[in-house]
Amino acid sequence: MRILVVNVNTTQSITDSIGEQAAGAASPGTEIVPLTPSFGAESVEGNYESYLAAVAVMEAVRAYTEPFDAVIQAGYGEHGREGLQELLDVPVVDITEAAASTAQFLGRSYSVVTSLDRTVPLIEERLHVAGLSARCASVRASGLAVLDLERDERVAVDAIVEQAARAVEDDRAEVICLGCGGMSGLTERVAERTGVPVVDGVSAAVTIAESLVRLGLSTSKVRTYAPPRPKRMVNWPPVGEGRP
């Protein structure tokens, strides 16, 4: 089984970290292929960057020439999952939905701890669209930019733990979801310091993708995610500055 794990930003070190986390969660015989988009922002922290990342992720998958069995979109709260489901006939799993759905098996309510406050509405909207918001106690911001997560891991863990603890105490959350692909690898330390289950979306997405492949299931093509209709595309892919 081969699973593509696509980072939504263009920072290779984050792709590497996501790939390592995914490989650690994968079963024997599952090959994890991490992909970095060829264009886009170095970190995704707003709507403009998220929509750009959606196109970049779809193009990264379209450019991959080898066979694959599933795709994981490794961006928390980002746009684009629906487009991938239209394009592909293999399972597509988004880490936002993977983490939240997994958390609902573990407790009555869950909270998400993410990066900057400006990303909170994006995550809330994605959870609502996915039908996963009813049991979400809160989405809390750690105040860290995505790239800050790599600069000082101790500071990152402290900031995440602070908000996770407040979610448990103040919001009555029973499970914590790490709300950023760049937080992969911090699960155990946050769990140790909060005393509740902590779900990493990348790991959860790998296990869900593997299960769907083994069950022989993929996206319904009856209506919502039917393949795009053949038509003339004007000036696509774009050429010029900013395009490889």
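Scope of the values below: all heavy atoms of this structure, side chains included, with no hydrogens, waters or symmetry mates. Predicted model, so just to flag it, every value in this text is computed and none were measured.
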Return the [atom1] to [atom2] distance between [X] and [Y], rounded to the nearest 0.5 Å.
X    : Y    : atom1 : atom2 : result
I176 : T194 : CD1   : OG1   : 6.5 Å
R189 : I160 : CZ    : CD1   : 9.5 Å
S17  : L186 : OG    : CG    : 8.0 Å
E125 : S133 : CD    : OG    : 11.5 Å
I18  : M183 : CD1   : CE    : 12.0 Å
I3   : L212 : CD1   : CG    : 9.5 Å

Q: Carefully, step by step, assess M1 and R214 under the rule side chain to side chain contact (heavy atoms under 4.5 Å, CB included).
A: CA-CA 9 Å; M1 184 188 307; R214 292 194 180 101; 4.0 Å; yes

Between [X] and [Y] (side chain of the first, backbone of the second, donor and acceptor by atom type, cut-off under 3.5 Å), is there such a pair?
X    : Y    : answer
R2   : P67  : yes
T219 : P91  : no
S50  : H79  : yes
E210 : S27  : yes
T114 : A141 : no
R135 : Q104 : yes

Contact check, side chains of [X] and [Y], non-hydrogen atoms, under 4.5 Å:
X    : Y    : result
T96  : L132 : no
D94  : R126 : no
V199 : Y110 : no
V129 : E82  : yes
E59  : F39  : yes
E162 : R166 : yes
D16  : P34  : no
V92  : Y225 : no

Establish whether [X] and [Y] are linked, either directly or via other cluster members, by ILVMFWY side-chain heavy-atom contacts under 4.5 Å.
X    : Y   : value
V8   : V55 : no
V93  : L35 : no
I32  : V61 : no
M233 : L52 : yes
M58  : I72 : no

Q: State which residues pass side-chain hydrogen bond (donor to acceptor under 3.5 Å, both in side chains) with E86; sequence neighbours excluded, sorted by chain then number.
A: none

Q.
I'd like to know whether CZ of R118 has more than 12 heavy-atom contacts from other residues, nucleotides or ligands below 6.0 angstrom.
A. no

[X] and [Y]: which non-hydrogen atoms are nearest, and at how many Å?
X    : Y    : result
Q163 : V113 : CB-CG1, 3.9 Å
G143 : L116 : O-CD2, 3.5 Å
L122 : E78  : CD2-OE1, 4.3 Å
A99  : C177 : O-SG, 3.6 Å
N9   : V44  : CB-CG2, 4.0 Å
V5   : A74  : CG1-CB, 4.1 Å

(Q) Looking only at the side chains, is there a donor atom on one of E45 and S115 sitting less than 3.5 Å from an acceptor on the other? (A) no

Q: For Q21 and S203, test the side chains for any donor-to-acceptor distance below 3.5 angstrom and give the result as yes or no.
A: yes

Q: Check step by step if side-chain hydrogen bond (donor to acceptor under 3.5 Å, both in side chains) holds for E174 and S109.
A: CA-CA 6 Å; E174 298 178 2; S109 61; 4.9 Å; no

Q: Please lay out, stage by stage, how Q12 and T15 fare under the test side chain to side chain contact (heavy atoms under 4.5 Å, CB included).
A: CA-CA 5 Å; Q12 184 61 43; T15 302; 4.0 Å; yes

**Q.** Working for side chain to side chain contact (heavy atoms under 4.5 Å, CB included), residues C180 and L144
**A.** CA-CA 11 Å; C180 177; L144 296 169; over 6 Å; no

Q.
Test salt bridge (charged side-chain N to carboxylate O under 4.0 Å, His left out) on R140 and D171; report intermediate values, then the result.
A. CA-CA 10 Å; R140 286 180 166 268; D171 307 330; 2.8 Å; yes

Q. Where do V190 and V161 land on the side chain to side chain contact (heavy atoms under 4.5 Å, CB included) test, with the steps shown first?
A. CA-CA 6 Å; V190 178; V161 166; 4.3 Å; yes

